Visitor: 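One structure coming up, written as C-alpha cells, with questions to follow.
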Amino acid sequence: MLFLITGVSSGLGRAFAQGALDAGHTVVGTARRAEDVAAFEALAPGRAHARQLDVTDDDAVFSVVGEIEAQVGPIDVLIANAGYGHEGVFEESPLSELRAQFAVNVFGVAATVQAVLPFMRERRAGHVFTVSSMGGLMTVPGLAYYCGSKYAVEGILETVAKEVADFGVHVTIIEPGSFRTDWAGRSMVRTQRSIQDYDALFEPVRAARQAASGNQLGNPAKAAEAVLKILEAEKPPVHLVLGSDALRLVAAGRSEVDKDLREWEELSRSTDFPDGHQIASN
C-alpha cells in the first residue's frame with residue numbers, strides 16, 4: 001500500500017512512517033524543513049519518498065497530492081498528522097496564537113484530507129486517518145487553544161466519515177494520550193505567564209507536564225502497530241483512543257457531559273414547540 005503521512009520528521013508521524021515501512025509499505029512523508037527530506041528518504045531507499053510541504057499552504061497541499069498520485073501512485077492511506085501543541089491560560093494567550101494553532105492543526109488537516117478524498121472516492125477505496133488527541137474529547141486547563149483545535153478536527157472528520165461511508169472510504173480519528181515524543185518539548189509553543197490569579201491552578205499543571213516530558217506512558221512504535229491493525233479491520237472505528245491514560249481521561253470527560261445531560265434533561269426538553277419537527281439521527 002502507498003501511505004501519505006504529513007509531519008514525518010519526528011514524533012508520532014515518524015513512528016507511523018517507520019511502522020509502515022517496516023511492514024513493507026511505500027510511504028510518502030512530508031516535512032517543513034528541507035534538511036529533513038533526505039533523512040527521511042534514507043530510511044528505506046526506493047520506498048521512502050519525501051516532500052517538503054507547509055500544510056498551511058492550501059495550493060501546495062493540493063499540488064503535492066496531485067503530483068504523488070501522478071508520479072508515485074494511488075494513495076491508499078492518508079495519515080494527516082502534522083500539528084503542534086500550544087500551552088497557555090486562555091486569558092493570557094494572544095488571539096494570534098489561536099489563529100496560528102488552527103492554521104496548522106485544523107486548516108492544514110482539512111486541506112490534506114480534501115486534497116486526497118476525490119482520488120479515494122473515485123476509486124471507491126481508501127482510509128483516512130487524522131491525528132487528533134485525547135484533548136479532542138476532553139479538556140485540560142492551559143490547553144484551550146490546542147483542545148479547541150482538536151475538537152474542531154473531531155467535528156469535521158466525524159462528519160466526513162458519514163459523508164464518504166458509501167464510497168468505500170474509511171475515516172478514523174486517532175486520539176492519543178501522552179506518548180514519548182517531543183510534543184511537550186520542542187514541539188510545543190508556550191505563552192508566557194502574566195496573570196497571578198491563575199498561578200495556583202496552572203503552575204502545577206505546567207510543571208507536571210514538563211517533568212513528564214521524555215518519560216510519557218505511550219510507546220510511539222506501538223501506536224504505529226495499532227494503526228496497522230486498524231487497516232486490517234473489516235469495520236474500522238471512527239474514533240481510536242490510544243493509551244490507557246487517554247482511555248481513563250476521555251471516559252471521565254465524557255461522563256461529565258453525560259452527567260449534565262441527565263441532570264438538565266427536563267430543562268432541555270422544555271424549550272421545544274409541542275408540534276415541532278424532530279431531526280432524524282444518522
Side-chain angles (χ1 to χ4, degrees), residues 1-56 60-61 63-69 71-85 104-105 108-109 111-113 115-116 119-120 126-133 153 157 170-187 216 218-233 236 240 242-243:
M1 287 192 288
L2 176 60
F3 285 64
L4 169 59
I5 305 176
T6 60
V8 297
S9 59
S10 63
L12 284 176
R14 174 56 68 90
F16 292 142
Q18 189 67 64
L21 290 169
D22 290 345
H25 300 294
T26 299
V27 177
V28 180
T30 75
R32 285 186 299 109
R33 300 180 303 179
E35 56 265 34
D36 292 327
V37 170
F40 180 75
E41 291 186 337
L43 293 177
R47 289 192 297 112
H49 306 268
R51 300 291 186 272
Q52 187 176 0
L53 179 66
D54 178 353
V55 296
T56 66
V61 171
S63 178
V64 165
V65 168
E67 181 269 328
I68 293 168
E69 285 276 342
Q71 302 297 327
V72 184
I75 297 166
D76 301 296
V77 179
L78 166 66
I79 304 180
N81 163 79
Y84 72 96
V104 177
N105 289 9
V109 167
T112 308
V113 173
V116 167
F119 299 101
M120 292 185 173
H127 202 138
V128 171
F129 291 87
T130 58
V131 180
S132 175
S133 167
V153 168
L157 270 297
H170 300 295
V171 175
T172 298
I173 309 164
I174 304 170
E175 292 110 356
S178 59
F179 275 76
R180 205 164 295 182
T181 69
D182 289 330
W183 180 82
R186 70 178 183 88
S187 296
Q216 293 96 327
N219 182 335
K222 291 185 177 180
E225 291 174 5
V227 168
L228 292 174
K229 286 181 180 178
I230 292 300
L231 286 173
E232 300 172 359
L240 177 63
L242 295 179

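Please read all numbers here as calculations on a predicted model, not as lab measurements.
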Visitor: Would you find a donor on one side and an acceptor on the other, under 3.5 Å apart, between the side chain of Thr30 and the backbone of Gln52?
Guide: no
Visitor: Looking only at non-hydrogen atoms, find the nearest pair between Val153 and Ser132 and report the distance.
Guide: CG1-CB, 4.3 Å
Visitor: Report the distance from atom CG of Asn81 to atom CZ of Arg14, rounding to the nearest 0.5 Å.
Guide: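 Separation between the atoms: 11.5 Å.
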Visitor: Search all heavy atoms of Leu242 against all heavy atoms of Ala223 and return the closest pair with its distance.
Guide: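 Of all heavy-atom pairs spanning Leu242 and Ala223, the closest is CD1-CB, 4.0 Å.
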Visitor: Donor-acceptor pairs are to be reported for all side-chain atoms of residues 39-46 against protein atoms at under 3.5 Å, with residues two or more places apart or in another chain.
Guide:
{"unit_1": "Glu41", "atom_1": "OE2", "unit_2": "Ala50", "atom_2": "N", "d": "3.0"}

Visitor: Could you check Ile75 against Phe119 for side-chain contact (heavy atoms from CB on, under 4.5 Å), going step by step and ending with a plain yes or no?
Guide: CA-CA 8 Å; Ile75 297 166; Phe119 299 101; over 6 Å; no
Visitor: Counting only heavy atoms not in Arg32 (residues, nucleotides, ligands), do more than 12 fall under 6.0 Å from its CZ?
Guide: no
Visitor: Which value, rounded to the nearest 0.5 Å, describes the distance between Lys222 atom NZ and Phe179 atom CZ?
Guide: 10.0 Å
Visitor: Could you tell me whether the side chain of Arg180 and the main chain of Asn219 form a donor-acceptor pair under 3.5 Å?
Guide: no
Visitor: So, for Val109 and Ala82, which heavy atoms are closest and what is the spacing to 0.1 Å?
Guide: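 In terms of heavy atoms, the two residues are closest at CG2-O, 4.4 Å.
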Visitor: What heavy-atom pair brings Val8 and Ala17 nearest, and what distance separates the two atoms?
Guide: CG1-CB, 4.1 Å
Visitor: To the nearest 0.5 angstrom, please state how far the CD1 atom of Ile79 sits from the CD1 atom of Ile174.
Guide: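 CD1 of Ile174 is found 6.0 Å from CD1 of Ile79.
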Visitor: Which pair of heavy atoms, one from His49 and one from Thr26, lies closest together, and at what distance?
Guide: CD2-CG2, 3.7 Å
Visitor: If I compare all heavy atoms of Gly19 with all of Ala224, which pair ends up nearest, and what's the gap?
Guide: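 Gly19 and Ala224 have their closest heavy atoms at CA-CB, 4.2 Å.
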Visitor: In sequence, state the C-alpha distance, the side-chain angles, and the governing distance for Glu67 and Val28, and then conclude on side-chain contact (heavy atoms from CB on, under 4.5 Å).
Guide: CA-CA 11 Å; Glu67 181 269 328; Val28 180; over 6 Å; no
Visitor: Would you say the side chain of Ile68 lies within less than 4.5 Å of the side chain of Leu2, judging by non-hydrogen atoms?
Guide: yes
Visitor: Applying side-chain contact (heavy atoms from CB on, under 4.5 Å) between Val27 and each of Val77, Leu4, Ile5, report the one that passes.
Guide: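 The passing option is Ile5.
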Visitor: The criterion is side-chain contact (heavy atoms from CB on, under 4.5 Å); which residues satisfy it with His127, sequence neighbours excluded?
Guide: Phe129, His170, Thr172, Ile230, Leu231, Pro236
Visitor: How long is the straight-line distance from OG1 of Thr130 back to CG of Leu157, given to the nearest 0.5 Å?
Guide: 3.5 Å
Visitor: Set out, in order, the CA-CA distance, both residues' side-chain angles and the distance that settles side-chain contact (heavy atoms from CB on, under 4.5 Å) for Thr6 and Val61, then state yes or no.
Guide: CA-CA 10 Å; Thr6 60; Val61 171; over 6 Å; no
